[in-house]
Structures are given as C-alpha cells and as structure tokens.
Visitor: 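Have a look at the structure that comes next, please.
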Amino acid sequence: MISREEAFNLLVEHLSGEKRKHSVLVSKIMKKLAENFGENKTKWELTGLLHDLDYEITRGAREQHGIIAAKMLEGRLSEDCLHAIMAHDHRTGVKPVTLIDKALIVSDMIAVLISEVASRIGYERIPRMKMDDIKEELMREPLFKEKLGVRLVKICKELDLTLEGLIKLAVESLIKDQNQG
C-alpha cells in the first residue's frame with residue numbers, strides 16, 4: 001500500500017488549492033469514520049486523501065471522475081479502496097455497496113458542506129460551535145437544500161449513522177487537527 005507521504009506527494013502533483021484542501025479534509029473525516037466503525041484508519045484515510053486525484057484531469061468528462069483516479073492508483077491501494085474511489089461520484093455509474101464506499105460518499109459531501117459554511121463564517125469558528133448551530137448552518141446552505149441533503153441523509157441511514165452523528169465526527173476531526181497544529 002502507498003505511504004501517506006507518497007499519497008500526499010501525488011496529491012500535490014495532481015491537485016491545487018481548494019481541491020487539495022478538500023481532499024485533506026475528506027481524509028481526516030474518513031479516518032474518524034474508520035475509527036467509529038472499527039476499520040483500518042490508514043487505509044480509509046488514504047482513500048479519502050486520493051479520492052479526487054483525477055479531478056482536474058476529468059474536468060470535461062465527470063463520468064470518468066474516480067475511474068481514472070482508480071486506474072492511476074492500481075497496485076497502490078487495495079481493490080476495495082479503488083472501488084470506493086470509483087463509486088464516490090454517482091456520474092460514473094459505479095454503485096456504492098460496501099461500508100468504505102458509502103463512508104467516502106458521506107465524507108466527501110460533508111466536507112463540501114463544511115467548506116461552504118466555513119467560507120462564510122470561517123473554519124476557526126466551526127469547532128467552537130454547538131452541534132445545533134453547525135447543523136443549522138449546514139441546513140441553511142443552498143448546496144445542502146438543493147443537491148446534497150436527501151442523498152446525504154439516505155446514505156447516513158444506510159451506514160446506521162445520523163446526520164448529527166456524521167457532523168459530530170467531522171467536527172471532531174477538525175478539532176483534533178487544530179489541537180495537533
């Protein structure tokens with residue numbers, strides 16, 4: 001399996017700016033979810049870190065987003081990690097089946113929503129907010145209301161996780177990061 005350092009170097013090589021930050025956030029949430037579900041934290045963290053590796057390459061062909069990343073990572077990640085990467089974007093047609101598949105989807109979606117909220121109120125405020133305040137901010141987000149909300153709640157249920165539980169884990173991953181940095 002690829003090392004975290006090698007994975008991060010690939011990320012730097014293929015992604016820039018906000019998309020790189022997004023991938024790092026997804027990796028932290030995935031690691032926290034792995035801990036919650038008793039799964040391999042390193043494996044899940046790497047899957048989250050590399051899930052958008054082909055984002056800039058597939059700009060004009062989003063139905064390939066995740067498919068090309070998985071091909072780029074063959075032999076470096078296990079088959080279940082590659083499947084999760086292929087299944088994280090519904091436009092590929094690859095169906096999410098496993099726990100890691102669905103965890104990557106909700107990690108990706110909640111990371112997008114947290115980033116949208118943070119762009120309005122600031123990342124530093126999120127870890128200090130009460131859960132109800134964070135949920136309220138997320139529900140207010142047009143991206144949640146118009147595109148991600150129903151799917152996010154549905155997949156959370158499939159994971160036997162509430163939206164509040166997912167938010168709590170995501171925020172905990174941010175707090176841990178702040179305390180280490």
Side-chain angles (χ1 to χ4, degrees), residues 4 7 21-52 65-66 69-70 77-121 123 125-180:
R4 190 178 192 297
K21 287 180 193 174
H22 165 78
S23 292
V24 170
L25 179 56
V26 172
S27 75
K28 291 171 195 274
I29 297 168
M30 282 291 286
K31 186 175 181 181
K32 195 71 180 163
L33 281 171
E35 187 179 298
N36 183 68
F37 290 122
E39 296 292 331
N40 183 316
K41 292 187 282 189
T42 302
K43 189 168 133 173
W44 282 41
E45 178 183 24
L46 290 170
T47 302
L49 191 62
L50 297 169
H51 81 285
D52 275 345
H65 174 50
L77 289 178
S78 62
E79 288 299 316
D80 59 333
C81 296
L82 297 176
H83 188 270
I85 290 170
M86 290 188 293
H88 91 276
D89 189 321
H90 69 279
R91 294 171 288 196
T92 65
V94 177
K95 300 292 181 212
V97 180
T98 65
L99 186 61
I100 194 171
D101 293 350
K102 294 172 184 180
L104 181 57
I105 292 168
V106 297
S107 295
D108 190 27
M109 287 194 280
I110 200 70
V112 166
L113 291 168
I114 286 172
S115 294
E116 290 296 317
V117 169
S119 71
R120 283 198 325 264
I121 68 169
Y123 268 103
R125 284 193 54 210
I126 291 174
R128 293 192 309 263
M129 292 172 72
K130 292 184 176 133
M131 190 57 56
D132 287 344
D133 296 331
I134 296 168
K135 186 177 177 191
E136 187 178 307
E137 283 292 334
L138 289 175
M139 301 293 220
R140 197 177 299 156
E141 179 57 45
L143 197 56
F144 178 86
K145 291 193 291 194
E146 296 166 16
K147 292 191 176 184
L148 301 180
V150 172
R151 187 164 185 239
L152 181 60
V153 170
K154 177 184 178 284
I155 297 172
C156 278
K157 283 182 184 175
E158 291 174 17
L159 292 170
D160 200 25
L161 190 65
T162 63
L163 180 58
E164 292 82 1
L166 176 62
I167 295 167
K168 181 178 184 278
L169 292 169
V171 171
E172 285 174 5
S173 73
L174 288 173
I175 291 169
K176 184 176 183 183
D177 183 51
Q178 275 193 346
N179 291 340
Q180 289 176 348

Visitor: Test of understanding: with side chain to side chain contact (heavy atoms under 4.5 Å, CB included), list the residues that count as partners of A111, not counting sequence neighbours.
Guide: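 If we apply the side chain to side chain contact (heavy atoms under 4.5 Å, CB included) test to A111, skipping adjacent residues, the hits are H22, L25, V26, I29.
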Visitor: For E172, which of K28, K31, K32 qualifies under salt bridge (Lys or Arg N to Asp or Glu O under 4.0 Å)?
Guide: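 Exactly one candidate clears the test, K32.
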Visitor: State, yes or no, whether a side-chain contact exists between H65 and D52 at a heavy-atom distance under 4.5 Å.
Guide: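 SC-SC contact between H65 and D52 confirmed.
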Visitor: Among pairs that include at least one residue of residues 98-110, which meet salt bridge (Lys or Arg N to Asp or Glu O under 4.0 Å), considering only residues two or more places apart or in two chains?
Guide: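 Every pair satisfying salt bridge (Lys or Arg N to Asp or Glu O under 4.0 Å) with a residue in residues 98-110: K102-E158.
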Visitor: List in chain and number order the residues that pass side chain to side chain contact (heavy atoms under 4.5 Å, CB included) with A103, two or more places apart in sequence or in another chain; answer none if no residue qualifies.
Guide: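 Checked A103 against side chain to side chain contact (heavy atoms under 4.5 Å, CB included); matches are M30, L33, W44.
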Visitor: Side-chain contact test, heavy atoms from C-beta onward, threshold under 4.5 Å: evaluate it for L159 versus L166 and give yes or no.
Guide: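 Contact flag for L159/L166 side chains = no.
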Visitor: Can you name the nearest heavy-atom pair linking L104 to A84, along with the distance?
Guide: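 Nearest pair, atom of L104 first, then A84: CD2-O, 3.4 Å.
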Visitor: Given side chains that start at C-beta, do those of T47 and H88 come closer than 4.5 Å, heavy atoms only?
Guide: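 No. Closest side-chain heavy atoms not under 4.5 Å.
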Visitor: Sort out for me which residue in V112, L113, V150 forms a side-chain contact (heavy atoms from CB on, under 4.5 Å) with F144.
Guide: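 Single pass found, and it is L113.
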Visitor: Test your reading of the model: is there a side-chain donor-acceptor pair from T92 to the backbone of M86, 3.5 Å cut-off?
Guide: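 Between the backbone of M86 and the side chain of T92 there is a qualifying donor-acceptor contact (under 3.5 Å).
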Visitor: Pair M109, I155 - check side-chain contact (heavy atoms from CB on, under 4.5 Å), show working.
Guide: CA-CA 11 Å; M109 287 194 280; I155 297 172; 4.2 Å; yes
Visitor: With sequence neighbours excluded, what pairs up with K135 under the side chain to side chain contact (heavy atoms under 4.5 Å, CB included) test?
Guide: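 Checked K135 against side chain to side chain contact (heavy atoms under 4.5 Å, CB included); matches are M139, L163, E164, I167.
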Visitor: Would you say S27's side chain and V24's backbone share a donor-acceptor pair under 3.5 angstrom?
Guide: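 Answer holds: yes.
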Visitor: First locate atom CZ of F37, then atom CG of L161, and finally report the distance between them rounded to the nearest 0.5 Å.
Guide: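 The CG atom of L161 is 5.0 Å from CZ of F37, to the nearest 0.5 Å.
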Visitor: Holding to side chain to side chain contact (heavy atoms under 4.5 Å, CB included), I want the full list of residues that pass it with E137, two or more places apart in sequence or in another chain.
Guide: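 Partners of E137 under the side chain to side chain contact (heavy atoms under 4.5 Å, CB included) test: V117, R120, I121, M129, R140.
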Visitor: Can you tell me which residue pairs pass the salt bridge (Lys or Arg N to Asp or Glu O under 4.0 Å) test with a partner in residues 78-97, sequence neighbours excluded?
Guide: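 Every salt bridge (Lys or Arg N to Asp or Glu O under 4.0 Å) pair that includes a residue of residues 78-97, provided the two are not neighbours, is K43-D80, D89-R91.
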